Student: 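Below you will find the structure I want to go over with you.
Per chain, numbering begins at 1; letters A, B, ... match sequence-line order. Just so it is clear, the model here is predicted, and its values are computed rather than measured.
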Amino acid sequence: MNSPATEWKQWLAEHGPRLLLFARGWSQNRADAEDLVQDAILRMWHFQADKAAQVPDLPLVFSTIRFCGLNHHRSESRRRKREGSIIYLNDFQDVWLDPLLEEDDEAVAMREAVQNLSQKLREVVVMKFWGELTFLQISETLAISPNTAASRYRYALEQLAHELRRVKEDRRHAN
Amino acid sequence: MPINDVEAVLARLMPPAISQASQTGIEAMLDELAAARPELAAVKAEISRTRWYLLSGIAATIIAATTALVLLQPAQRQQSSASKIAAPAWVLVSESNRFQAMTDEGWRDQTNGSAMRAVRLQMVGENLLKDVETGMIVKVSEPREEIVFMPISAF
(Lines give C-alpha, C1' and ligand atoms only; values in the text may rest on other atoms or scores of the structure.)
Protein backbone atom coordinates (compact mmCIF):
# COMPACT_ATOMS: atom_id res chain seq x y z
CA MET A 1 0.00 0.00 0.00
CA ASN A 2 1.42 3.43 -1.01
CA SER A 3 1.92 6.16 1.55
CA PRO A 4 -0.62 9.03 1.43
CA ALA A 5 2.03 11.46 0.11
CA THR A 6 2.89 9.11 -2.76
CA GLU A 7 -0.79 8.63 -3.65
CA TRP A 8 -1.37 12.38 -3.64
CA LYS A 9 1.66 12.95 -5.87
CA GLN A 10 0.38 10.38 -8.37
CA TRP A 11 -3.05 12.01 -8.22
CA LEU A 12 -1.46 15.43 -8.83
CA ALA A 13 0.51 14.14 -11.80
CA GLU A 14 -2.74 12.86 -13.33
CA HIS A 15 -5.03 15.81 -12.59
CA GLY A 16 -2.59 18.73 -12.21
CA PRO A 17 -3.06 20.15 -15.74
CA ARG A 18 -6.88 20.27 -15.55
CA LEU A 19 -6.72 21.85 -12.07
CA LEU A 20 -4.27 24.43 -13.37
CA LEU A 21 -6.53 25.20 -16.33
CA PHE A 22 -9.49 25.75 -14.03
CA ALA A 23 -7.39 27.90 -11.69
CA ARG A 24 -6.40 30.11 -14.65
CA GLY A 25 -9.94 31.44 -14.66
CA TRP A 26 -9.41 32.77 -11.16
CA SER A 27 -5.95 34.28 -11.51
CA GLN A 28 -4.02 36.88 -13.45
CA ASN A 29 -1.20 34.65 -14.64
CA ARG A 30 0.15 31.15 -14.61
CA ALA A 31 2.22 31.60 -11.44
CA ASP A 32 -0.83 32.84 -9.51
CA ALA A 33 -2.85 29.88 -10.85
CA GLU A 34 -0.18 27.45 -9.64
CA ASP A 35 -0.28 29.10 -6.20
CA LEU A 36 -4.04 28.69 -6.23
CA VAL A 37 -3.73 24.98 -7.01
CA GLN A 38 -1.20 24.58 -4.19
CA ASP A 39 -3.46 26.45 -1.78
CA ALA A 40 -6.40 24.23 -2.73
CA ILE A 41 -4.34 21.05 -2.33
CA LEU A 42 -3.22 22.18 1.13
CA ARG A 43 -6.84 22.76 2.16
CA MET A 44 -7.90 19.43 0.69
CA TRP A 45 -5.14 17.62 2.58
CA HIS A 46 -6.42 18.97 5.90
CA PHE A 47 -10.01 18.21 4.88
CA GLN A 48 -9.15 14.63 3.92
CA ALA A 49 -7.06 13.99 7.05
CA ASP A 50 -10.15 12.60 8.81
CA LYS A 51 -10.74 10.30 5.84
CA ALA A 52 -7.42 8.48 6.10
CA ALA A 53 -5.84 11.13 3.83
CA GLN A 54 -7.46 9.62 0.75
CA VAL A 55 -7.01 11.58 -2.46
CA PRO A 56 -9.97 13.94 -2.90
CA ASP A 57 -12.78 13.82 -5.45
CA LEU A 58 -12.15 16.06 -8.44
CA PRO A 59 -15.42 18.07 -8.16
CA LEU A 60 -14.56 18.95 -4.58
CA VAL A 61 -11.13 20.20 -5.62
CA PHE A 62 -12.66 22.35 -8.39
CA SER A 63 -14.97 23.76 -5.76
CA THR A 64 -12.06 24.48 -3.43
CA ILE A 65 -10.05 26.17 -6.18
CA ARG A 66 -13.07 28.36 -6.85
CA PHE A 67 -13.34 29.23 -3.16
CA CYS A 68 -9.60 30.01 -2.95
CA GLY A 69 -9.89 32.03 -6.16
CA LEU A 70 -12.71 34.13 -4.73
CA ASN A 71 -10.67 34.82 -1.60
CA HIS A 72 -7.61 35.62 -3.65
CA HIS A 73 -9.63 37.87 -5.93
CA ARG A 74 -10.90 39.88 -2.96
CA SER A 75 -7.42 40.43 -1.50
CA GLU A 76 -6.02 41.13 -4.96
CA SER A 77 -8.66 43.81 -5.60
CA ARG A 78 -7.73 45.51 -2.34
CA ARG A 79 -4.02 45.33 -3.22
CA ARG A 80 -4.62 46.77 -6.68
CA LYS A 81 -6.54 49.67 -5.25
CA ARG A 82 -3.54 50.44 -3.04
CA GLU A 83 -1.10 50.12 -5.94
CA GLY A 84 -3.23 51.90 -8.52
CA SER A 85 -0.29 53.54 -10.22
CA ILE A 86 1.43 50.30 -11.20
CA ILE A 87 0.89 49.15 -14.80
CA TYR A 88 0.52 45.40 -15.27
CA LEU A 89 1.85 44.09 -18.56
CA ASN A 90 0.42 41.07 -20.32
CA ASP A 91 2.67 38.10 -20.80
CA PHE A 92 1.77 36.99 -24.31
CA GLN A 93 3.49 33.63 -23.91
CA ASP A 94 1.33 32.89 -20.91
CA VAL A 95 -1.37 30.73 -22.52
CA TRP A 96 -4.11 28.63 -20.97
CA LEU A 97 -4.19 25.82 -23.51
CA ASP A 98 -1.65 24.32 -25.88
CA PRO A 99 -2.58 23.12 -29.38
CA LEU A 100 -1.64 19.47 -29.93
CA LEU A 101 -0.36 20.27 -33.42
CA GLU A 102 1.92 23.08 -34.49
CA GLU A 103 0.49 25.84 -36.70
CA ASP A 104 -3.09 24.81 -35.98
CA ASP A 105 -4.65 28.25 -36.50
CA GLU A 106 -8.14 26.99 -35.85
CA ALA A 107 -7.13 25.60 -32.46
CA VAL A 108 -5.30 28.82 -31.59
CA ALA A 109 -8.39 30.84 -32.48
CA MET A 110 -10.48 28.49 -30.37
CA ARG A 111 -8.08 28.93 -27.46
CA GLU A 112 -8.56 32.68 -27.58
CA ALA A 113 -12.32 32.24 -27.86
CA VAL A 114 -12.33 30.00 -24.76
CA GLN A 115 -10.30 32.56 -22.83
CA ASN A 116 -12.72 35.29 -23.89
CA LEU A 117 -15.81 33.43 -22.72
CA SER A 118 -17.51 34.85 -19.68
CA GLN A 119 -16.41 33.32 -16.39
CA LYS A 120 -19.74 31.49 -15.91
CA LEU A 121 -19.56 29.78 -19.29
CA ARG A 122 -15.83 29.12 -19.25
CA GLU A 123 -15.99 27.33 -15.90
CA VAL A 124 -18.57 24.90 -17.21
CA VAL A 125 -16.64 24.25 -20.44
CA VAL A 126 -13.38 23.65 -18.56
CA MET A 127 -14.98 21.32 -16.02
CA LYS A 128 -16.98 19.43 -18.64
CA PHE A 129 -14.47 19.15 -21.43
CA TRP A 130 -11.05 19.00 -19.78
CA GLY A 131 -12.17 18.13 -16.24
CA GLU A 132 -14.40 15.34 -17.58
CA LEU A 133 -17.05 16.01 -14.93
CA THR A 134 -20.70 15.14 -15.46
CA PHE A 135 -23.32 17.91 -15.50
CA LEU A 136 -24.46 16.65 -12.10
CA GLN A 137 -20.96 17.04 -10.66
CA ILE A 138 -20.62 20.49 -12.25
CA SER A 139 -23.96 21.52 -10.80
CA GLU A 140 -22.80 20.47 -7.34
CA THR A 141 -19.52 22.34 -7.73
CA LEU A 142 -21.17 25.57 -8.85
CA ALA A 143 -24.34 25.22 -6.73
CA ILE A 144 -26.59 25.38 -9.81
CA SER A 145 -29.04 22.88 -11.28
CA PRO A 146 -27.78 20.22 -13.73
CA ASN A 147 -30.07 21.74 -16.38
CA THR A 148 -28.44 25.14 -15.92
CA ALA A 149 -25.00 23.54 -16.21
CA ALA A 150 -26.03 21.79 -19.45
CA SER A 151 -27.56 25.01 -20.82
CA ARG A 152 -24.41 26.98 -20.05
CA TYR A 153 -22.29 24.36 -21.80
CA ARG A 154 -24.46 24.42 -24.89
CA TYR A 155 -24.59 28.22 -24.95
CA ALA A 156 -20.79 28.37 -24.57
CA LEU A 157 -20.30 25.99 -27.50
CA GLU A 158 -22.66 28.09 -29.62
CA GLN A 159 -20.62 31.17 -28.80
CA LEU A 160 -17.40 29.34 -29.64
CA ALA A 161 -18.88 28.15 -32.94
CA HIS A 162 -19.92 31.72 -33.78
CA GLU A 163 -16.46 33.03 -32.92
CA LEU A 164 -14.78 30.37 -35.02
CA ARG A 165 -17.02 31.17 -38.00
CA ARG A 166 -16.11 34.85 -37.63
CA VAL A 167 -12.37 34.08 -37.56
CA LYS A 168 -12.71 31.92 -40.69
CA GLU A 169 -14.62 34.61 -42.57
CA ASP A 170 -12.06 37.26 -41.58
CA ARG A 171 -9.31 35.01 -42.86
CA ARG A 172 -11.15 34.40 -46.14
CA HIS A 173 -11.62 38.16 -46.67
CA ALA A 174 -7.96 38.77 -45.89
CA ASN A 175 -6.93 36.25 -48.56
CA MET B 1 -20.78 25.22 -37.39
CA PRO B 2 -22.29 22.24 -35.55
CA ILE B 3 -21.46 21.79 -31.89
CA ASN B 4 -19.74 18.49 -32.59
CA ASP B 5 -17.26 20.34 -34.78
CA VAL B 6 -16.55 22.78 -31.95
CA GLU B 7 -15.86 19.88 -29.62
CA ALA B 8 -13.53 18.39 -32.23
CA VAL B 9 -11.51 21.63 -32.29
CA LEU B 10 -11.53 21.80 -28.48
CA ALA B 11 -10.09 18.29 -28.44
CA ARG B 12 -7.08 19.64 -30.32
CA LEU B 13 -6.26 21.80 -27.27
CA MET B 14 -4.85 20.47 -24.04
CA PRO B 15 -4.12 22.14 -20.71
CA PRO B 16 -0.40 22.61 -20.08
CA ALA B 17 1.24 20.75 -17.21
CA ILE B 18 2.04 22.44 -13.93
CA SER B 19 5.56 23.89 -14.09
CA GLN B 20 8.37 21.78 -12.70
CA ALA B 21 9.08 24.34 -9.96
CA SER B 22 5.48 24.37 -8.81
CA GLN B 23 5.17 20.58 -9.02
CA THR B 24 8.31 20.22 -6.89
CA GLY B 25 6.95 22.78 -4.41
CA ILE B 26 3.62 20.98 -4.04
CA GLU B 27 5.33 17.60 -3.68
CA ALA B 28 7.64 18.98 -1.00
CA MET B 29 4.58 20.39 0.78
CA LEU B 30 2.86 16.98 0.63
CA ASP B 31 5.97 15.31 2.07
CA GLU B 32 6.06 17.84 4.91
CA LEU B 33 2.35 17.40 5.63
CA ALA B 34 2.67 13.62 5.65
CA ALA B 35 5.73 13.79 7.89
CA ALA B 36 3.87 16.08 10.31
CA ARG B 37 1.16 13.44 10.75
CA PRO B 38 2.82 10.05 10.47
CA GLU B 39 -0.22 8.36 11.98
CA LEU B 40 -2.07 8.97 8.70
CA ALA B 41 -0.04 6.27 7.00
CA ALA B 42 -1.32 3.79 9.53
CA VAL B 43 -4.92 4.97 9.40
CA LYS B 44 -5.78 3.09 6.20
CA ALA B 45 -4.55 -0.17 7.63
CA GLU B 46 -6.37 0.60 10.86
CA ILE B 47 -9.67 1.13 9.04
CA SER B 48 -9.55 -2.30 7.42
CA ARG B 49 -8.43 -3.82 10.72
CA THR B 50 -11.29 -2.08 12.55
CA ARG B 51 -13.81 -3.46 10.09
CA TRP B 52 -12.33 -6.91 10.50
CA TYR B 53 -12.36 -6.68 14.32
CA LEU B 54 -15.98 -5.58 14.30
CA LEU B 55 -17.10 -8.35 11.99
CA SER B 56 -15.09 -10.90 13.99
CA GLY B 57 -16.56 -9.55 17.23
CA ILE B 58 -20.13 -9.77 15.96
CA ALA B 59 -19.57 -13.26 14.55
CA ALA B 60 -17.93 -14.44 17.79
CA THR B 61 -20.81 -13.06 19.85
CA ILE B 62 -23.41 -14.84 17.71
CA ILE B 63 -21.51 -18.16 17.85
CA ALA B 64 -20.97 -17.87 21.62
CA ALA B 65 -24.63 -17.04 22.22
CA THR B 66 -25.83 -19.93 20.04
CA THR B 67 -23.43 -22.38 21.71
CA ALA B 68 -24.44 -21.21 25.18
CA LEU B 69 -28.12 -21.64 24.35
CA VAL B 70 -27.61 -25.19 23.09
CA LEU B 71 -25.26 -26.37 25.87
CA LEU B 72 -26.85 -24.69 28.85
CA GLN B 73 -30.49 -25.31 28.05
CA PRO B 74 -31.04 -28.28 30.53
CA ALA B 75 -29.43 -26.44 33.42
CA GLN B 76 -30.95 -23.13 32.57
CA ARG B 77 -33.98 -23.50 34.81
CA GLN B 78 -31.85 -24.09 37.91
CA GLN B 79 -29.67 -21.01 37.46
CA SER B 80 -30.46 -17.66 38.98
CA SER B 81 -31.69 -14.91 36.70
CA ALA B 82 -28.49 -12.87 37.26
CA SER B 83 -26.22 -15.55 35.85
CA LYS B 84 -28.35 -15.75 32.71
CA ILE B 85 -27.10 -12.36 31.52
CA ALA B 86 -23.99 -12.96 29.46
CA ALA B 87 -21.37 -10.23 29.43
CA PRO B 88 -21.39 -8.47 26.04
CA ALA B 89 -18.29 -8.85 23.87
CA TRP B 90 -18.27 -5.15 22.93
CA VAL B 91 -19.21 -2.23 25.14
CA LEU B 92 -20.08 1.21 23.83
CA VAL B 93 -17.67 3.65 25.49
CA SER B 94 -18.72 6.91 23.87
CA GLU B 95 -20.93 8.22 21.11
CA SER B 96 -20.58 11.54 19.28
CA ASN B 97 -21.81 13.38 16.20
CA ARG B 98 -19.64 15.84 14.31
CA PHE B 99 -20.89 18.27 11.65
CA GLN B 100 -18.76 18.47 8.53
CA ALA B 101 -20.76 20.74 6.26
CA MET B 102 -24.10 22.48 6.04
CA THR B 103 -25.65 23.47 2.71
CA ASP B 104 -28.71 25.58 2.21
CA GLU B 105 -31.04 23.70 -0.18
CA GLY B 106 -33.52 26.55 -0.57
CA TRP B 107 -37.23 26.51 0.04
CA ARG B 108 -39.44 23.44 -0.29
CA ASP B 109 -43.20 23.27 -0.54
CA GLN B 110 -45.00 21.02 1.91
CA THR B 111 -48.14 19.09 1.09
CA ASN B 112 -50.20 21.47 3.23
CA GLY B 113 -49.03 24.43 1.13
CA SER B 114 -46.59 25.88 3.66
CA ALA B 115 -42.96 26.59 2.76
CA MET B 116 -40.01 25.12 4.64
CA ARG B 117 -36.33 25.89 4.38
CA ALA B 118 -34.30 22.75 3.63
CA VAL B 119 -30.79 22.46 5.02
CA ARG B 120 -28.56 19.54 4.07
CA LEU B 121 -26.29 18.44 6.91
CA GLN B 122 -23.25 16.26 6.42
CA MET B 123 -22.16 14.70 9.67
CA VAL B 124 -20.02 11.92 10.99
CA GLY B 125 -21.17 9.73 13.87
CA GLU B 126 -18.30 8.33 15.88
CA ASN B 127 -18.65 5.45 18.34
CA LEU B 128 -15.92 4.10 20.57
CA LEU B 129 -16.34 0.39 21.27
CA LYS B 130 -14.33 -1.56 23.83
CA ASP B 131 -13.61 -5.28 23.58
CA VAL B 132 -14.27 -6.59 27.09
CA GLU B 133 -11.86 -9.47 26.74
CA THR B 134 -8.82 -7.72 25.35
CA GLY B 135 -9.51 -4.14 26.45
CA MET B 136 -8.94 -3.00 22.87
CA ILE B 137 -10.83 0.16 21.89
CA VAL B 138 -12.09 0.57 18.32
CA LYS B 139 -13.38 3.78 16.79
CA VAL B 140 -16.23 3.36 14.27
CA SER B 141 -16.98 6.37 12.06
CA GLU B 142 -20.21 6.55 10.10
CA PRO B 143 -20.60 9.49 7.68
CA ARG B 144 -24.20 10.34 6.90
CA GLU B 145 -26.27 13.03 5.28
CA GLU B 146 -29.54 14.46 6.54
CA ILE B 147 -31.95 17.08 5.26
CA VAL B 148 -33.57 19.16 7.97
CA PHE B 149 -36.73 21.15 7.22
CA MET B 150 -37.14 24.34 9.18
CA PRO B 151 -40.41 26.30 9.26
CA ILE B 152 -40.29 29.75 7.73
CA SER B 153 -42.10 32.41 9.70
CA ALA B 154 -44.57 34.65 7.90
CA PHE B 155 -43.42 38.11 6.87
Side-chain angles (χ1 to χ4, degrees), chain A residues 1 3-6 8-9 12-13 16-22 24 30-31 33-35 37-38 41-42 45-54 95-101 104 106-111 113-114 125-126 129-131 143 153-154 156-162 164-165 168, chain B residues 1-51 98-101 103-106 120 122-126 139 141-143 145:
Chain A
M1 186 184 291
S3 71
T6 309
W8 280 66
K9 285 177 196 174
L12 178 68
R18 57 188 64 161
L19 298 180
L20 178 65
L21 176 61
F22 186 71
R24 290 304 306 261
R30 185 192 176 107
E34 289 180 338
D35 287 348
V37 171
Q38 183 162 2
I41 289 174
L42 176 63
W45 174 276
H46 291 304
F47 184 75
Q48 296 293 101
D50 288 343
K51 303 180 179 78
Q54 289 171 339
V95 293
W96 291 28
L97 292 157
D98 287 329
L100 292 172
L101 305 169
D104 186 348
E106 206 174 37
V108 171
M110 181 62 87
R111 174 177 71 191
V114 170
V125 172
V126 167
F129 201 81
W130 290 283
Y153 181 71
R154 189 166 184 83
L157 292 201
E158 281 168 6
Q159 282 199 10
L160 293 175
H162 176 76
L164 215 55
R165 267 195 306 271
K168 278 182 177 173
Chain B
M1 176 182 274
I3 280 173
N4 285 349
D5 290 356
V6 178
E7 286 182 324
V9 182
L10 286 175
R12 303 209 304 261
L13 290 165
M14 63 173 198
I18 293 179
S19 69
Q20 191 57 46
S22 179
Q23 181 94 14
T24 311
I26 295 173
E27 287 183 355
M29 179 188 78
L30 289 171
D31 284 333
E32 279 176 28
L33 290 167
R37 294 192 63 180
E39 75 277 9
L40 283 176
V43 168
K44 283 184 181 174
E46 193 187 321
I47 285 174
S48 57
R49 268 204 306 275
T50 304
R51 204 169 289 156
R98 185 160 47 83
F99 284 102
Q100 280 204 311
T103 320
D104 189 356
E105 297 276 312
R120 186 183 295 273
Q122 287 174 333
M123 53 180 84
V124 179
E126 285 183 345
K139 184 161 87 173
S141 297
E142 183 199 4
E145 211 169 53

Student: Measuring heavy-atom distances to chain B, does A:Leu42 have an atom under 4.5 Å in its side chain, in its backbone, in both, or in neither?
Tutor: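 Contact with chain B: backbone and side chain both.
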Student: Between B:Ala11 and chain A, with a heavy-atom cut-off of 4.5 Å, which part of the residue counts as in contact: side chain, backbone, both or neither?
Tutor: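 Contact with chain A involves both backbone and side-chain atoms of B:Ala11.
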Student: Heavy-atom distance under 4.5 Å between the side chains of B:Val9 and B:Asp5, does that happen here?
Tutor: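 No, side chains not in contact.
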Student: So does B:Leu13 get a backbone contact from the side chain of A:Trp130, meaning a donor-acceptor N/O pair under 3.5 Å?
Tutor: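 Pair found, side chain donor or acceptor close to backbone of B:Leu13.
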Student: Suppose we screen for ring-ring contact (aromatic ring centres under 6.0 Å, His included). Which residues come up paired with A:Phe129, at least two apart in sequence or across chains?
Tutor: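 ring-ring contact (aromatic ring centres under 6.0 Å, His included) list for A:Phe129, sorted by chain: empty.
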Student: Are the side chains of A:Leu97 and B:Leu10 in touch, meaning some heavy atoms are under 4.5 Å apart?
Tutor: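 Heavy-atom side-chain distance check fails, nothing below 4.5 Å.
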Student: Pick one of side chain, backbone, both or neither for A:Arg30, based on which atoms fall under 4.5 Å of a heavy atom in chain B.
Tutor: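 For A:Arg30, side-chain heavy atoms alone lie under 4.5 Å from chain B.
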Student: Under 3.5 Å, is there a donor on one side chain and an acceptor on the other for A:Thr6 and A:Ser3?
Tutor: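 A:Ser3 and A:Thr6 do have a side-chain donor-acceptor pair below 3.5 Å.
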Student: Flag the one option from A:Val108, A:Leu157, A:Leu21, A:Asp98 with the top tally of heavy-atom pairs under 4.5 Å to chain B.
Tutor: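 Top option by heavy-atom pairs under 4.5 Å: A:Asp98.
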Student: Identify which part of B:Ser19 has an atom lying under 4.5 Å from any heavy atom of chain A, answering side chain, backbone, both or neither.
Tutor: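 Interface part for B:Ser19: both.
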Student: Any ion pair linking B:Arg120 and B:Glu105 (charged N to carboxylate O, less than 4.0 Å)?
Tutor: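 Yes, this pair counts.
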Student: With a 4.5 angstrom heavy-atom cut-off, is it the side chain or the backbone of B:Met14 that approaches chain A, or both, or neither?
Tutor: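 Contact with chain A is through both the backbone and side chain of B:Met14.
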Student: Counting only heavy atoms closer than 4.5 Å, note whether A:Tyr153 contacts chain B via side chain, backbone, both or neither.
Tutor: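 Contact with chain B: side chain only.
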Student: Chain B heavy atoms under 4.5 Å from A:Val114: which part of the residue, side chain, backbone, both or neither?
Tutor: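 Interface part for A:Val114: side chain.
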